[in-house]
Amino acid sequence: MSETVQTIEREVREHAVVIYMKGTPAFPMCGFSAATVEVLNQIGVPYKAIDVLAEGDKREAVKEFTRWPTIPQVFVGGKFVGGCDIVRELHARGELEPMIRAAHTGA
């Protein structure tokens, strides 16, 4: 396992919600990252954002870690949730917010 994958494992474990994205929450660099951040911002809880454009080694390593081919990737409570479409679908069904709030409270 690469050092970068170990770093990703640690980041996912240490933060309740993590998004690996292109750009930053203030300046997303792709529409899918922007849409995912919009959902997380609507829920209104803190999250850790990692810019895979600025940290290029993580761009491929996170895909290897999850075996998921696209960015963004969202983790909640240490578990991989999915990308933009899955996050938006979970939010529309009312399932994402309780999941995120539980991760923040440790429930």
Side-chain angles (χ1 to χ4, degrees):
M1 180 181 318
S2 75
E3 192 174 313
T4 303
V5 171
Q6 289 176 337
T7 300
I8 290 167
E9 282 184 331
R10 188 181 70 251
E11 289 168 340
V12 166
R13 191 174 53 248
E14 291 176 353
H15 300 278
V17 181
V18 181
I19 177 173
Y20 290 86
M21 63 179 291
K22 293 177 182 173
T24 65
F27 296 102
M29 299 302 286
C30 87
F32 297 112
S33 290
T36 307
V37 163
E38 184 179 325
V39 168
L40 295 176
N41 288 342
Q42 284 176 10
I43 294 171
V45 295
Y47 57 89
K48 170 81 172 166
I50 292 138
D51 179 359
V52 299
L53 299 177
E55 298 184 49
D57 56 331
K58 291 183 182 175
R59 185 175 188 168
E60 292 306 315
V62 75
K63 293 175 188 180
E64 174 189 328
F65 180 62
T66 59
R67 294 188 175 91
W68 188 261
T70 59
I71 302 289
Q73 294 193 13
V74 175
F75 295 80
V76 176
K79 294 183 174 67
F80 176 56
V81 172
C84 179
D85 291 344
I86 293 170
V87 166
R88 287 168 50 173
E89 185 179 310
L90 288 170
H91 185 56
R93 292 196 318 237
E95 297 173 19
L96 185 64
E97 185 169 353
M99 184 187 311
I100 287 176
R101 296 209 180 272
H104 270 282
T105 61

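Contact of the K63 side chain with the I71 side chain is registered, since non-hydrogen atoms from C-beta on lie closer than 4.5 Å. Within the 4.5 Å cutoff, the side chain of V18 has no heavy atoms near those of the V74 side chain. With a 4.5 Å cut-off on side-chain heavy atoms, L40 and I100 count as touching. Between K58 and E11 there is a side-chain heavy-atom pair separated by less than 4.5 Å.
Checked by atom type and distance alone, the side chain of H104 pairs as donor or acceptor with a backbone atom of P46 at under 3.5 Å. Remark: the backbone N or O of I43 is paired with a side-chain donor or acceptor of R101 at under 3.5 angstrom. Judged by distance alone, the side chain of E97 and the main-chain N or O of G94 form no donor-acceptor pair under 3.5 Å. T105 places a side-chain N or O within donor-acceptor distance of the main-chain N or O of A102, the cut-off being under 3.5 Å.
Hydrophobic clustering keeps I19 apart from F32 (ILVMFWY residues linked when any side-chain heavy atoms are closer than 4.5 Å, directly or through intermediates). Placement of M21 and V5 within a single hydrophobic cluster is found when ILVMFWY residues are connected by side-chain heavy-atom separations under 4.5 Å, directly or transitively. Under the 4.5 Å side-chain contact rule for hydrophobic residues, I86 and Y47 share a cluster.
Here K48 does not pair with E14 in a salt bridge; the nearest charged N to carboxylate O distance is not below 4.0 Å.
Closest heavy-atom contact between W68 and Q73: O-NE2, 3.1 Å. Of all the heavy atoms in V76 and A103, the pair that sits closest is CG1-CB, 3.7 Å. The heavy-atom pair separating V87 from G82 by the smallest distance is CG2-O, 4.2 Å. The shortest non-hydrogen separation linking V62 to I8 is N-CD1, 3.4 Å.
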Would you sort out whether F80 and V12 count as a side-chain contact (heavy atoms from CB on, under 4.5 Å), showing the intermediate values?
CA-CA 9 Å; F80 176 56; V12 166; over 6 Å; no
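Side-chain contact annotation: T4 with D57, donor-acceptor N/O pair under 3.5 Å present. With 3.5 Å as the limit, one finds a donor-acceptor pair spanning the side chains of Q42 and H91. Between the side chains of Y20 and E55, no donor N or O sits under 3.5 Å from an acceptor N or O.
Taking the salt bridge (charged side-chain N to carboxylate O under 4.0 Å, His left out) definition, one finds that K22 meets it with nothing, sequence neighbours left out.
Residue M99 qualifies as enclosed at atom CE: its count of foreign heavy atoms under 6.0 Å is above 12.
For residues 79-89, the pairs satisfying salt bridge (charged side-chain N to carboxylate O under 4.0 Å, His left out) are E89-R93, with sequence neighbours left out.
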